[in-house]
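Below you'll find the structure, written out as structure tokens, and then a few comments.
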Amino acid sequence: MTVEFLTAEEAVKRIDDGATIATGGFVCVNVPEEVEEKLGERFLNEGHPKDLTLYYAAGQGDGKDRSLNHLGHEGMIKRVVGGHWNLVPQMGKMALENKIEAYNLPQGVITHMYRDAASRKPGTYTKVGLKTFVDPDLDGGKLNDISKEDIVTKINLAGEDFLFYKTPKLDVVLLRGTYADELGNISMEHEGAILDATTMATACRNNGGLVIVQVKEVVEEGSLDPKLVKIPNTLVDIVVPTSDVEKYHQQAFDHTFSPYFSGQHRTVLGSMEPMALNNRKVIGRRGAMMMKSDWVVNLGIGIPEAVGSVVNEEGEGHKMTLTVESGIHGGVPAGGGEFGMAINPYIIFDQDKQFDFYDGGGLDITYLGLAQCDKKGNINVSKFGPRIAGCGGFINISQNTKNVVFCGTFTAGGLKQNIGDGKLEITQEGKMKKFVEEVEQVTFSAEYANETGQNVFYITERAVFKLTPKGLLLLEIAPGMDLQKDILDQMEFEPEIAEDLKEMDPSLFKDEKIGLCLE
């Protein structure tokens with residue numbers, strides 16, 4: 001077959017009105033930025049392509065104007081099925097205003113939907129999503145009133161409940177690689193993640209669709225190491241050599257390239273600066289104390305990242321293996337716009353395989369965000385009033401890991417604290433309570449966790465709770481805290497209180513290292 005080498009402007013003219021497209025990327029990593037920018041510009045200039053259906057697994061964008069934000073135009077998009085919405089605010093706004101059909105499905109499920117679509121299976125069977133907002137007994141993943149089609153159904157197999165997710169028929173996929181040879185074979189050696197490149201290309205090609213891949217450069221035929229080729233030319237229609245590597249083909253937005261992220265070189269981790277003593281570090285320290293040697297770990301974005309920083313600062317990083325849902329084992333996960341990559345990774349492999357590992361219970365412990373928790377122990381991280389955040393990989397990970405630790409400050413919105421000398425002082429309480437009577441959306445089901453026997457903890461800078469069949473049990477409070485004023489009065493419900501209520505370790509609230517030793 002013949003692969004065409006086109007500019008981004010030429011390539012996007014091949015996309016028809018009404019097409020179902022899927023895009024690769026993870027936050028700001030592996031995004032085919034130039035192709036997506038030119039696609040958005042074409043619609044603004046010509047009014048085409050219009051009425052597109054968009055699928056994407058991981059959140060993609062910078063929360064402002066890059067990646068999928070180029071496509072956030074009324075009339076251009078008809079339906080979105082995405083794993084995480086927070087990075088594409090214009091899409092979320094259109095969803096809330098009923099201007100597009102909108103669905104939020106677990107990130108790992110979407111990666112498996114691509115894989116199942118590649119082999120022409122009608123759908124993906126999994127327990128992921130049961131008793132959360134994705135379950136059709138609740139919302140079925142629908143985000144607004146105009147989203148009528150049931151793309152998730154519940155079925156019973158061998159006496160057990162499963163969810164069935166319809167696989168998409170992809171007309172176009174937009175992907176990114178590092179190099180293309182003259183035949184159109186694509187390698188990815190400078191990328192910080194591989195994601196779903198192979199499965200997405202296969203799913204699209206086997207549906208007779210169009211596979212467009214943006215690359216850094218075209219090299220001589222036969223010069224690529226075949227072990228590094230992730231998309232063979234048999235799955236590629238159009239290669240787009242980027243017109244400006246610095247602008248459009250960064251390893252992550254505002255970060256051109258580092259061999260420490262893509263595995264060509266390893267840096268000395270001891271050179272990394274320790275965290276300042278603040279509530280994030282206190283939470284990270286208390287979470288790290290729950291870890292054991294040789295455990296395989298996942299860290300969510302935000303405060304959970306502090307756990308990894310603490311373990312490395314304490315010199316215990318070599319005793320655990322950190323993972324990222326993008327497909328990374330080992331190293332130190334990056335945060336912010338570089339989330340999805342890791343410094344010094346041991347392996348970078350496909351995202352759908354990572355979720356096979358996660359869904360099958362391969363993780364020993366996970367640390368995830370605590371945005372909103374109710375009296376049953378349910379967690380919401382996906383929808384807050386007029387803002388759609390989305391679940392991302394949260395449901396896959398939280399539902400299938402034996403030990404789950406939710407990490408976050410006790411209140412939010414203007415919270416100020418003094419931390420030092422082994423105690424905590426609240427100088428200004430947060431305006432928003434996180435422990436509420438009922439969460440807005442069930443992203444983590446406490447009922448399901450109790451049924452499956454998970455060990456679930458909730459760690460804040462001033463209190464530690466454990467999930468029980470009755471709800472939350474308060475185990476520890478920070479030194480310097482008043483149980484009534486600083487804990488119970490800042491909750492919309494009263495938890496059970498352990499008979500042997502303990503004080504959090506004072507070393508958590510001191511500048512010195514805590515002497516962590518994973519055993």
Side-chain angles (χ1 to χ4, degrees), residues 17-23 40 43 47 49-61 63 68-107 109-110 113 123-124 126 128-155 161 163-171 371-372 374 376 378-392 394-395 436-445 447:
D17 293 347
T20 295
I21 70 172
T23 59
F43 175 79
K50 61 183 179 180
D51 296 330
L52 299 175
T53 293
L54 170 66
Y55 279 79
Y56 65 93
Q60 298 167 24
L68 293 182
N69 293 290
H70 293 302
L71 313 185
H73 307 298
E74 189 174 346
M76 183 177 188
I77 302 295
K78 176 184 177 182
R79 171 185 287 190
V80 176
V81 180
H84 195 267
W85 285 69
N86 199 43
L87 298 172
V88 282
Q90 183 59 27
M91 294 280 193
K93 183 174 183 290
M94 289 194 295
L96 290 170
E97 293 173 352
N98 281 310
K99 292 179 178 177
I100 58 172
E101 298 173 28
Y103 297 82
N104 182 205
L105 303 183
Q107 178 180 336
V109 170
I110 296 176
M113 289 165 64
T124 299
T126 178
V128 174
L130 284 170
K131 299 193 176 181
T132 72
F133 76 93
V134 180
D135 192 317
D137 288 348
L138 296 178
D139 302 321
K142 300 170 184 174
L143 297 179
N144 58 21
D145 294 334
I146 67 168
S147 302
K148 302 295 186 183
E149 183 182 353
D150 296 323
I151 65 172
V152 186
T153 55
K154 183 176 285 186
I155 60 173
D161 285 337
L163 297 183
F164 178 74
Y165 297 81
K166 293 181 181 179
T167 48
K169 292 184 177 180
L170 301 177
D171 300 308
Q372 196 179 64
D374 67 19
K376 295 179 181 178
N378 297 321
I379 292 285
N380 168 36
V381 297
S382 50
K383 189 175 186 300
F384 308 97
R387 182 169 70 88
I388 300 172
C391 59
F394 189 97
I395 296 177
V436 298
E437 185 73 16
E438 184 176 356
V439 294
E440 292 180 58
Q441 193 172 66
V442 179
T443 330
F444 169 80
S445 168
E447 179 183 354

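In what follows, every heavy atom counts, from backbone to side chain, and hydrogens, waters and symmetry copies are set aside. None of these values were measured; they are calculated from a predicted model.
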Do the charged groups of E440 and K383 touch, with an N to O distance under 4.0 Å? no
Under the rule for side chain to side chain contact (heavy atoms under 4.5 Å, CB included), what residues qualify as partners of A58, not counting sequence neighbours? F26, Q107, Q351
Could you tell me the separation between the CD1 atom of I110 and the CG atom of N104, rounded to the nearest 0.5 Å? 7.5 Å
Distance from L52 atom CG to D171 atom CG, nearest 0.5 Å? 9.5 Å
Residues passing the salt bridge (charged side-chain N to carboxylate O under 4.0 Å, His left out) test with D137, sequence neighbours excluded, are K154
Do M76 and L71 come close enough that some side-chain heavy atom pair is under 4.5 Å? yes
Residues that T53 engages under side chain to side chain contact (heavy atoms under 4.5 Å, CB included), provided they are two or more places apart: T20, Y55, R79
F43: partners by ring pair (Phe, Tyr, Trp, His ring centres under 6.0 Å), with sequence neighbours left out: none
Test of understanding: with salt bridge (charged side-chain N to carboxylate O under 4.0 Å, His left out), list the residues that count as partners of K166, not counting sequence neighbours. E149
Any idea which heavy atoms bring N69 and G63 closest together, and the distance? ND2-N, 4.0 Å
With sequence neighbours left out, the residues meeting side chain to side chain donor-acceptor pair (under 3.5 Å) with T23 are Q60
4.5 Å side-chain heavy-atom contact, T126 and V109: yes
Distance col, row I77:CD1 vs L68:CG, nearest 0.5 angstrom, shows 8.5 Å
Output a table of donor-acceptor pairs, distance under 3.5 Å, between side-chain atoms of residues 80-95 and any protein atom two or more places apart or on a different chain; print 'none' if there are none.
{"residue": "W85", "atom": "NE1", "partner": "Y103", "partner atom": "O", "Å": "3.4"}
{"residue": "N86", "atom": "OD1", "partner": "R387", "partner atom": "NH1", "Å": "2.7"}
{"residue": "K93", "atom": "NZ", "partner": "E97", "partner atom": "OE2", "Å": "2.8"}

Restricting to side chain to side chain donor-acceptor pair (under 3.5 Å), what partner residues turn up for N144, sequence neighbours left out? S147
All salt bridge (charged side-chain N to carboxylate O under 4.0 Å, His left out) counterparts of D150, not counting sequence neighbours: K142
Separation of K131 NZ from L138 CG (nearest 0.5 Å): 10.0 Å
So how far is it from N380 CG to T443 OG1, rounded to the nearest 0.5 Å? 4.5 Å
Only counting residues at least two apart or in another chain, list the ones meeting side chain to side chain donor-acceptor pair (under 3.5 Å) with D139. none
Partner set under ring pair (Phe, Tyr, Trp, His ring centres under 6.0 Å) for F394, not counting sequence neighbours: F406
Who passes salt bridge (charged side-chain N to carboxylate O under 4.0 Å, His left out) against K376, sequence neighbours left out? none
